[in-house]
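In what follows, chains are A, B, ... by sequence order, proteins preceding strands, each numbered from 1. Note that these values count all heavy atoms, side chains included, but never hydrogens, waters or copies made by symmetry.
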There are 2 protein chains.
Amino acid sequence: MSQPPASPCIKKPCHTGEEKFVQCERCALFPLCDPVEVSGGQFNLIEGLLERRVPVAAGAPLFAEEEEFRAIYAISAGAFKLTLPDERSNEKVCGFSFSGELVGYSGMAVGHYPYRAIALEQSYVCEIPYQRLMDYAEKVPELRNNLFTMLSMETFHSHLSFTTLMGRKNVDQRVSSFLINLEQRTRRRGFDHPTLTLSMRRDDIANFLGLPKETLSRALSKFQQQGLINIDGRRLVLADYQQLLNTAGLPAAKTE
Amino acid sequence: MSQPPASPCIKKPCHTGEEKFVQCERCALFPLCDPVEVSGGQFNLIEGLLERRVPVAAGAPLFAEEEEFRAIYAISAGAFKLTLPDERSNEKVCGFSFSGELVGYSGMAVGHYPYRAIALEQSYVCEIPYQRLMDYAEKVPELRNNLFTMLSMETFHSHLSFTTLMGRKNVDQRVSSFLINLEQRTRRRGFDHPTLTLSMRRDDIANFLGLPKETLSRALSKFQQQGLINIDGRRLVLADYQQLLNTAGLPAAKTE
DNA sequence: CGGGGAATTGAATACGTTCAAAGGCCGTGG
DNA sequence: CCACGGCCTTTGAACGTATTCAATTCCCCG
């Protein structure tokens with residue numbers, strides 16, 4: 001397995017073997033990670049606070065629901081599915097997190113993680129221990145300011161995902177809005193290659209959307225046939241974005 | 001129309017005529033609203049920062065999407081529906097906000113409101129002008145701390161709503177999880193009367209859930225017949241909460 | 001008492017789900 | 001290098017559920 005870059009900061013999207021590392025500047029954690037200007041010099045979080053690019057093997061949990069909240073994580077490379085226990089299907093997929101995004105932070109106020117996060121592929125995360133972050137924030141107002149900015153942004157984005165995905169009427173709407181959400185988030189983290197890579201299985205997507213996997217499969221096949229998308233296994237290209245927006249019942253103007 | 005209480009702070013849920021005012025301590029804005037202890041005395045936000053119980057008439061917008069972000073609002077009494085423009089149905093209901101909850105704050109980081117908020121009934125909101133809040137926060141670290149706590153809580157609750165409502169398979173699941181979400185939020189703001197009041201029309205609920213209103217109506221009738229709920233117009237009692245959780249596909253233990 | 005919007009009910013149709021089976025892909029071992 | 005086996009994904013056909021459109025009832029307000 002290839003190693004993550006040794007340099008302290010990733011200036012542009014880079015690939016080591018299979019893994020795609022997000023550019024640090026595009027990462028949701030960047031406001032914290034970036035050295036802050038403090039009266040009389042710089043204050044660098046990387047020294048002593050941030051644990052960079054901790055590897056998480058495919059299938060391994062980053063944290064489990066109910067586990068004590070200990071750290072904020074940003075995904076540097078890879079992807080995670082977020083799950084809750086569920087008696088009938090044994091797990092309910094309640095979300096996905098991709099590189100450049102924060103994960104688990106919504107448990108901050110209540111002291112435990114609100115779901116389980118499982119790596120979908122070989123992944124790397126940057127970790128800020130929560131208590132240490134708070135201690136530093138106590139001392140460095142600029143840092144607290146950045147923390148605030150970061151959380152506001154996350155709030156906005158999770159709201160955006162919610163309105164994009166919630167209350168879609170039929171299968172076509174649900175599937176296409178999922179694809180659009182995926183695309184928007186991929187762009188945001190700075191990968192502008194037209195080909196998206198689905199790091200999760202069909203099962204997981206179907207579970208998330210509340211559809212049987214067969215129905216999802218049929219919808220994707222139909223979109224393919226209609227020329228809306230180009231899908232081959234886990235490689236996906238949105239061939240007709242405008243028409244896809246239309247199918248999803250979303251406004252034609254980019255909702256980003 | 002009855003007037004809001006004249007007292008500066010509402011110590012317990014109170015009713016003036018029709019309106020139910022949430023108890024200040026149960027309000028999401030309370031961390032900011034509550035006088036903070038500062039070295040050498042108290043710092044009271046109510047003086048000079050907070051605009052209390054501004055009335056909003058039924059049907060009137062509190063703010064519109066794309067409007068410049070100017071203030072954080074907490075709902076003191078009443079309820080709002082949150083909508084986005086939509087060509088086919090002319091509006092897409094993307095959420096509801098009830099007394100004790102914040103509304104619109106997710107637009108903070110991007111400088112504009114992310115949706116339109118329309119009062120469903122005569123309502124009252126407490127308003128904190130954003131710029132003034134930031135200025136104060138610059139000076140009073142305790143205030144900034146409380147702001148942070150408040151946002152973390154909101155993040156958690158919006159995540160909870162998301163997982164409760166997202167990806168429910170069939171009509172029964174969607175409708176029952178909506179009712180459960182409603183009940184949880186009503187409890188949270190301190191109203192423990194068994195009867196919930198639906199302040200929105202059936203149309204709005206159906207729109208939000210992505211169902212035709214007829215289908216929603218049928219589901220409610222069926223639940224009624226099965227003894228899960230007791231519904232009469234806009235008055236609703238969840239008669240068998242456990243069974244309702246089960247229908248929704250949610251764990252029996254309270255998800256709160 | 002009458003009017004009008006909202007909510008419910010009914011019946012035909014369209015849509016999505018289920019169960020069964022086949023196809024494709026990938027890793028392992030011969 | 002090819003064959004095998006397992007898992008993931010797709011396809012097929014019958015069934016069940018949700019949507020649609022129309023009609024009726026309910027309820028609030030004039």
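Among the nucleotides dT10(D), dT17(C), dT8(C), the one closest to any side-chain atom of Leu211(A) is dT17(C).
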Side chain to side chain contact (heavy atoms under 4.5 Å, CB included) assessment of Phe178(B) paired with Phe96(B): CA-CA 11 Å; Phe178(B) 176 76; Phe96(B) 299 101; 3.9 Å; yes
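Side-chain N/O atoms of Ser221(A) include one lying less than 4.0 angstrom from OP1 or OP2 on dT11(D). Side-chain N/O atoms of Thr215(A) include none lying less than 4.0 angstrom from OP1 or OP2 on dG16(C).
When each of Tyr115(A), Tyr113(A), Phe162(A), Tyr105(A) is paired with His159(B), the ring pair (Phe, Tyr, Trp, His ring centres under 6.0 Å) condition holds for Tyr115(A) and for no other.
Between the P atom of dC26(D) and the CZ atom of Arg234(B) lies a distance of 19 Å, rounded to the nearest Å. For the pair Lys222(A) NZ and dG16(C) C1', the computed distance is 11 Å after rounding to whole Å. Here dA23(D) presents its P atom at 14 Å from CD of Glu214(B), a figure rounded to the nearest Å. Arg235(B) has its CZ atom 18 Å from the C1' atom of dA6(C), to the nearest Å. Regarding Leu216(A), its CG atom lies at a distance of 14 Å from the C1' atom of dT17(C), rounded to whole Å. To the nearest angstrom, P of dC7(D) lies 22 Å from CE of Met200(A). Arg201(A) has its CZ atom 18 Å from the P atom of dG6(D), to the nearest Å. To the nearest angstrom, P of dT19(D) lies 7 Å from NZ of Lys169(A).
Under a 4.0 Å N-O distance rule, the pair Glu101(B)/Arg189(B) does not qualify as a salt bridge. Salt bridge status for Arg218(B) with Glu214(B): absent, with no side-chain N to carboxylate O gap under 4.0 Å.
Seen from the ring of Phe208(B), Lys81(B) does not count as a face-on cation partner, given the 6.0 Å and 45° thresholds.
Annotation: of the two residues near DNA chain D, Ile231(A) and Gly210(B), the 5′-most nearest-nucleotide partner is Ile231(A). Each of Asn170(B) and Asp203(A) has a nearest nucleotide on DNA chain D; the 5'-most of these lies closest to Asp203(A).
One can find a donor-acceptor pair under 3.5 Å joining the base of dT20(D) and the side-chain atoms of Arg218(B).
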